[in-house]
Structures are given as C-alpha cells and as structure tokens.
> 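Questions regarding the structure given below will be posed in turn.
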Amino acid sequence: MSNYILIIGACGQIGTELTLALREKHGNDHVIASDIREGGESLMNSGPFEILDATDYAAIEDIVMHYEISEVYLMAAMLSATAEKFPMRAWNLNMNSLFNILNLAKEKKIEKVFWPSSIAVFGPNTPKENTPQNTIMEPSTVYGISKQSGERWCEYYFNKFNVDVRSIRYPGLISWKTMPGGGTTDYAVEIYHKALSEGSYTCFLKEDTALPMMFMDDAIQATLQIMEADIGNVKVRSSYNLAAMSFTPKQMAKSIQAHIPTFKISYQPDFRQVIADSWPSSIDDSLAKKDWEWQSRFDLEKTTKEMLENLSS
Ligand code: AKB
C-alpha cells in the first residue's frame, strides 16, 4: 500500500491545522485535502485539494482509488449548537460520512482511519469532575448522540472487521489560525478576537460554566501521536478521553485582563448554556497517557499569551 493521506473536512477548525501539520511531516503531495468548499490560502496553496461531499460514498471511493490513499482523517461534522437547529442534517452528515469511511476500510480499500469524537458523548448524568473514560454516557444533544453512536460503530468495526480506526474525544479547541463554527465552546476563541478588536465581549455562557478545553497545538499533537502509536498500544477502540485544561468564562476573562487590563466581559446566556450544562467540567485522560504517552503542553496562561500575541501581530 502507498502512504497517501486523505483529509475530509480539511477546511474546518481542526482540519486546516491538521492538514498543514501532516503536509509538514509527510510532504505536501502526500496529503490530499478535501472539503465541500474551498479553504484558506495556506491550505489551498500547499498541496492537492479536492471538492468532496463526505456523505457521497462513490465520490470518496473515486478519490481513494485515484490517489491510492491508505489513511483517512474524517474531520467533517456538524457541531453541537448547529446540530440542535438541524437535527436530521446533523445525523445524516455525522453518521453517513463515518459509515462511508468505515466501509471503505472494511473492504480493505484503506488501512487506517482517524475519526474525532467529543466530550459531547457525556450527558447530564455523567460525573462532572474528572470524568472517567468509562462511565454513564447519556448524551442529551443531537451532536452528542451522533458522536456516542459513532464511537459504538468504530468499536464494532474494529472488533468485527479488524478495521484500524482510532479516535479522540476532543474538548473545546482554541486556535488563532482558524475560527470554530457552530460549537458550544466557540466562545473561548471569539473572546480573544473581541478583546483585541473591541476591548469587550458578551459571552453566551454563564460566568461560572467550567468546560474542558485545549490549545490547538496540543490537539494536533495528540492526533498525530495516536495515529503513529503501535497498533497494540491503541487499546480503546471507541474513543480516548483527552484533557489539557478546564476553566470558566470568568477565569478566561481574568487571564486576558492580565494582558489587557481594560478588557470587559458581560454575560447573556442563550440556548448553548443548556448544552454546556450537560457536559463535564473536567476530564480524566489517564488512559491516553498510559497507552500512547499523551501529555498536554498548554495551560490557560500559555494559551492566552499565544492567542493574544499571534492575533495582534
Ligand atoms: C462543540 O462545542 O460542539 C465542539 C465540541 C466540544 O465537540 N467544540
């Protein structure tokens, strides 16, 4: 088999940075970016790009055959806040795209799959603090239900058909290179942009809503690490808990005020508060640490410094 990589959903928040990181590692021509729409310049100009609908099995198969793809990263998904508005569209995209890739792997047309899960797999009855890998999971959002179902299908395809599918439950992700879209944790990126452009931010979550978060460099590092791990070390075949930091909007505002003392925050909780209230406050990721030596590098202070420095330069 060749070592060509396909990223589906390459223009999104994670997809963009993941594509650039994989191109740096494997060479630009070995990493095929694809999405339903074109993306930013750095992505479009650095290597091959294909317009691709993640729900179209035949179109994906064509690209897989054409480029002799061996590894697929399926990053296309509808996130939590948008999925509440369009439940059927979210289910269709989030589930059918996954089946397309799992079935290609089952038919031995590709060798390895990465599929992202989320802290959204947990629900209001899950223990909130230091949420364990295995615990009550009763997601109460459309997005969470699709991710929880996806996890079960990944494990099933691994057990039944030997499909090498690997997955991480991402927390909220913070990046200065790309904006998130349609998530409940998006405030943690918007706040930096507004702090710099307007000196104030109105947060759609309450001041004391603690959520698990991660700087994008850590998320990309974890993704590369789990995909490079020896097959025998990837023992969880649903999805791994992953953690770096947990904080509230109030704590985040304080960390920004350490750099911009005049920054002001106000709170106007909306429908996303209910989603956030159903998710854990912090995550126990000891299995990822044990199985493939995961270790985060960015805490809130370091993240704030990186975000403000890069967004203002
Ligand atoms: C969202 O807020 O929907 C995502 C997630 C936590 O998966 N960022």
Side-chain angles (χ1 to χ4, degrees), residues 9 11-18 73-87 89-91 93-95 97-98 114-124 126 128 131 137 139-151 154 167-193 203-206 209-220 222-223 238-249 252 269-283 285 288 296 298 303 307:
C11 300
Q13 192 200 15
I14 312 175
T16 302
E17 295 205 30
L18 184 61
Y73 293 71
L74 173 57
M75 311 312 287
M78 195 183 285
L79 297 189
S80 55
T82 314
E84 289 305 298
K85 295 183 183 153
F86 308 106
R89 271 168 58 189
W91 181 257
L93 171 62
N94 295 0
M95 298 314 296
S97 59
L98 177 60
F114 179 81
W115 176 77
S117 187
S118 159
I119 54 163
V121 292
F122 299 113
T126 304
K128 260 196 165 342
T131 301
M137 297 169 95
S140 55
T141 64
V142 172
Y143 174 65
I145 294 168
S146 75
K147 288 296 178 188
Q148 165 64 354
S149 311
E151 286 194 8
C154 287
S167 178
I168 283 169
R169 290 173 183 153
Y170 289 121
L173 298 180
I174 303 171
S175 153
W176 54 268
K177 289 186 193 150
T178 36
M179 290 298 279
T184 302
T185 57
D186 294 9
Y187 91 83
V189 178
E190 288 169 10
I191 194 171
Y192 292 111
H193 287 265
C203 185
F204 56 76
L205 297 181
K206 290 186 201 155
T209 310
L211 286 172
M213 300 276 185
M214 182 175 283
F215 190 56
M216 187 61 87
D217 290 28
D218 270 344
I220 299 297
T223 311
S238 50
S239 189
Y240 276 93
N241 273 9
L242 196 71
M245 54 185 152
S246 286
F247 54 78
T248 64
M252 188 164 213
D270 65 17
F271 72 101
R272 288 169 282 193
Q273 184 65 47
V274 180
I275 303 177
D277 286 342
S278 78
W279 289 352
S281 310
S282 60
I283 297 283
D285 62 352
S296 68
F298 289 83
T303 300
M307 288 297 284

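Atoms within a ligand are numbered from 1 in the order they appear, just like the ligands themselves.
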> What's the spacing between Phe204 CZ and Thr209 OG1 if we round to 0.5 Å?
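Phe204 CZ to Thr209 OG1: 10.0 Å, rounded to 0.5 Å.
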> Which atoms of ligand 1 are found less than 4.0 Å from any heavy atom of Thr184?
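The atoms of ligand 1 under 4.0 Å from a heavy atom of Thr184 are 1 (C), 2 (O), 3 (O).
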> Let me confirm one number: the OG-OH distance from Ser175 to Tyr192, rounded to the nearest 0.5 Å.
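Output value for this atom pair is 11.5 Å.
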> Under a 4.0 angstrom heavy-atom cut-off, which atoms of ligand 1 come close to Gly183?
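Counting atoms of ligand 1 from 1, those under 4.0 Å from Gly183 are 1 (C), 2 (O), 3 (O).
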> In the structure I gave you, are the side-chain heavy atoms of Gln13 and Thr178 within less than 4.5 Å of one another anywhere?
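When only atoms from C-beta onward are counted, Thr178 and Gln13 do touch, with a gap below 4.5 Å.
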> Check the pair Met216 / Phe298 against side-chain contact (heavy atoms from CB on, under 4.5 Å), numbers first and verdict last.
CA-CA 9 Å; Met216 187 61 87; Phe298 289 83; over 6 Å; no
> Which of the atoms of ligand 1 are close to Leu79, meaning less than 4.0 Å from one of its heavy atoms?
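By the 4.0 Å cutoff, the relevant atoms are 3 (O).
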> In the protein, which heavy atom is nearest to atom 4 (C) of ligand 1, and how far is it?
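Result: Thr185 OG1, 4.0 Å.
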> Give the atom numbers and elements of ligand 1 that come within less than 4.0 Å of a heavy atom of Trp279.
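Checking each atom against Trp279, I get 1 (C), 2 (O), 3 (O), 6 (C).
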> Numbering the atoms of ligand 1 from 1, which are under 4.0 Å from a heavy atom of Ser80?
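Close to Ser80: 1 (C), 2 (O), 3 (O).
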> Checking Ser167 against Glu151: is there a side-chain donor and acceptor pair closer than 3.5 Å?
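Judged by distance alone, the side chains do not pair up.
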> Which ligand 1 atoms, with their elements, are less than 4.0 angstrom from a heavy-atom of Tyr143?
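Near Tyr143, the atoms of ligand 1 are 3 (O), 5 (C), 7 (O).
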> Run the numbers for me: atoms of ligand 1, each under 4.0 Å from some heavy atom of Ser118, listed by number.
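The atoms of ligand 1 under 4.0 Å from a heavy atom of Ser118 are 5 (C), 6 (C), 7 (O).
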> Looking at Thr184, Leu205, Thr185, which one forms a side-chain contact (heavy atoms from CB on, under 4.5 Å) with Ile275?
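Running side-chain contact (heavy atoms from CB on, under 4.5 Å) over Thr184, Leu205, Thr185 with Ile275 returns exactly one hit, Thr184.
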